[in-house]
Amino acid sequence: MAAPESGDGNNGAARMVTLISSDNTRFEVEAAAASLSQTLQLTILDGGGGGGDGIPLPNVDSATLSKVLEYCIKHAPAAANGGAPNATAVDRAELERFDNEFVNIDQSVLYSLIMAAHNLEIEGLQSLVAKKVADMIKGKSPMEIRRTLGFPDPTPEEQAEMNAHMLEYGWAYE
Amino acid sequence: MENVRRRRRGLTAAGRDECSRRAGERETRTHVPSRIVDLANELLELVFLRLSSPICLVRAAAACKPWRRLVADDGFLRRFRSVHGPQVLGHHFAGTNSTFVPYLPAPPGEAAAIDFRDRLALNFFPESNYHFHKLYKEILPSTMEEGHSPCLGAFLLDSDETGTTPADMSNFRVLCLRLVGDVENLTTTFRASAREDRWIVLNSVVLDEDIAFLFQVSAWDEPFKSKGCVGRFGKSIFLHTRGSNNILRVNEITGALSTLTLPPDPTEELGDIDFTDDRWKLRVIGRDDGNHVLRVVRIIDEDLEVLRLGEAGVEFVLEKRVGLSQLCNVEYEPGRPWHFLQTGGRAVAPECVVLSPRKTSMWMFRVDLESMEVQRVQKKNEHHRPVFSYELPWPLTLKACL
């Protein structure tokens with residue numbers, strides 16, 4: 001992968017930073033990729049995360065962080081080009097394909113991803129996951145939504161409330 | 001993943017400080033959500049904001065009480081609305097064959113050619129139209145169901161009296177003319193609005209017997225089609241039935257009825273009732289501002305007749321008569337009658353009409369009645385019919401703790 005141009009110019013070598021997950025796994029990643037996170041960008045601009053220090057992320061476990069970084073690395077080149085005005089249609093299609101496959105994962109991972117994306121302020125990832133979860137809700141009845149998203153079976157009271165709600169808003173069920 | 005190299009190492013003290021200074025500035029949550037119910041409200045909101053339709057939103061709200069609270073929140077609803085705007089379910093193409101086309105953007109490129117001056121015509125929707133029936137709202141006055149009292153016309157008004165806000169499913173007003181009693185020709189005007197959700201009687205008058213008869217027969221033919229609407233402005237709706245020399249003027253505000261008289265159409269035998277939609281052949285044209293000249297434009301064979309309301313304000317007198325094929329420089333085709341387009345023209349000035357030599361023609365012609373200038377416009381909306389968009393109810397008023 002080509003080195004992004006946003007490095008600080010020391011002989012073209014991309015600057016690397018180290019991120020440390022909540023379970024103490026260290027991830028070394030290009031600063032440009034990590035900077036997709038608004039939160040990390042501040043630290044990195046301050047010169048943090050280099051050398052042996054690393055930036056600890058106590059809210060993100062290694063499985064989630066690895067997934068987050070997979071996204072950031074893929075999207076970093078386009079982001080470095082300022083929203084990719086000169087990206088080719090092929091590049092954009094490739095990113096789209098990647099995104100679709102990327103969120104084709106277990107629900108529990110989606111939820112930890114959206115929280116990580118929110119905490120790390122990675123706008124694109126947050127939006128991608130939110131859209132995926134929204135797609136799981138779209139076009140379903142309340143009961144189907146509950147089943148799809150792994151709610152427990154409703155108690156009789158909950159069932160009664162659901163029924164009352166559906167009666168009240170009949171136009172949404174016709 | 002070649003750029004990520006993992007090295008297991010202990011967390012340094014410096015790193016810990018960095019954490020509390022940077023990443024930890026935002027809310028610190030050590031619990032990783034594994035189910036959607038574990039998601040914090042702010043994250044759930046991000047998901048809900050991406051539900052494109054209020055229908056999905058309402059259904060999600062039904063799923064459980066915490067979601068209901070979130071969706072019912074004023075702030076959330078405001079944000080949802082600002083992201084998605086009004087939800088257009090589809091467009092209803094009015095006309096003799098009403099069709100409802102779901103989820104289409106506004107038909108493109110017809111800015112020059114769609115007229116909403118007569119958009120009030122609420123053609124009640126054919127039963128076969130499944131899509132529309134999903135959105136159907138029963139608005140008949142309850143008395144209408146009893147006995148045999150025909151509806152002379154039902155008209156969709158703007159949502160307010162200024163006429164600036166177009167009507168939609170949540171704010172329409174409907175004006176309805178109904179004949180009460182078979183003998184007296186007593187006609188009553190009702191008005192209902194989506195907001196009040198009830199019918200009020202505006203006015204009751206005894207109609208001239210001939211007029212009442214014609215409208216009544218027309219009404220029986222297709223009871224809830226407001227076929228007779230030939231124009232609307234100056235807070236009035238104008239009705240006409242072929243075979244009649246009278247135009248009925250209905251005041252939208254007061255419900256008052258008055259009659260205007262036309263010179264006879266030489267090609268038509270009086271009392272010869274023809275149920276073809278009269279808007280094809282006759283229009284009442286005027287301005288919304290106070291000092292308007294009221295004109296009737298009608299097509300008689302190949303000619304366009306422009307009539308002007310006389311001094312007394314009761315009778316129309318002939319102003320000019322021109323041959324249409326000659327005016328528009330179109331080859332004369334016998335048996336292919338000219339007609340007004342149901343559309344007219346959206347950007348059409350008040351004194352203009354839009355006509356077409358025949359249904360299959362790809363051209364329509366905009367005629368300025370003052371100057372008789374003609375502009376040729378290509379038809380783009382294939383069915384050249386007025387288009388209404390239907391929106392879902394908003395604001396959602398959800399009961400959070402239902």
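For clarity, every value in this text was computed on a predicted model and none was experimentally measured. So you know, we letter chains A, B, ... as the sequences are listed, proteins then strands, and number each from 1.
- In terms of heavy atoms, A:H165 sits closest to B:V58 at NE2-O, 3.2 Å.
- Closest approach of B:R59 to A:P142, counting heavy atoms only: O-CG, 3.6 Å.
- Around atom NZ of A:K131, no more than 12 heavy atoms belonging to other residues, nucleotides or ligands sit under 6.0 Å away.
- Taken from CH2 in B:W67 to CD1 in A:I145, the straight-line distance is 6.5 Å, to the nearest 0.5 Å.
- With rounding to the nearest 0.5 angstrom, the CZ atom of B:R68 is 8.5 Å from the CE atom of A:M162.
- Using a 4.5 Å cut-off between heavy atoms, A:I114 contacts chain B through both its backbone and its side chain.
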If you apply the rule salt bridge (charged side-chain N to carboxylate O under 4.0 Å, His left out), what do you find for A:E158 with B:K65, and how did you get there?
CA-CA 8 Å; A:E158 280 177 319; B:K65 196 178 277 184; over 6 Å; no

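- In this structure, CZ on B:R50 lies 10.5 Å from CG on A:D135, to the nearest 0.5 angstrom.
- For a residue to count as touching a neighbouring chain, one of its non-hydrogen atoms must lie under 4.5 Å from one of that chain's; by this rule B:L39 touches chain A with the side chain only.
- Per-residue counts of heavy-atom pairs under 4.5 Å with chain A were compared for B:A62, B:A60, B:C56, B:C64; the largest is that of B:A62.
- Remark: side-chain polar atoms of A:R146 are paired, donor with acceptor, to backbone N or O of B:A63 under 3.5 angstrom.
- Considering all non-hydrogen atoms of both residues, B:L51 and A:A134 come closest at CD2-O, 3.5 Å.
- In this structure, the separation between CG on B:D38 and CE on A:M115 is 10.0 Å, given to the nearest 0.5 Å.
- Around CZ of B:R79, the count of heavy atoms belonging to other residues, nucleotides or ligands within 6.0 Å exceeds 12.
- With a 4.5 Å cut-off on non-hydrogen atoms, A:S127 touches chain B through its backbone and its side chain both.
- Residues of residues 103-112 of chain A lying within less than 4.5 angstrom of chain B, judged on heavy atoms, are A:S108, A:Y111, A:S112 in numerical order.
- Per-residue counts of heavy-atom pairs under 4.5 Å with chain A were compared for B:L49, B:L44, B:L46; the largest is that of B:L46.
- Neither the backbone nor the side chain of A:K132 comes within contact range of chain B; no heavy atom of the residue lies under 4.5 Å from a heavy atom of that chain.
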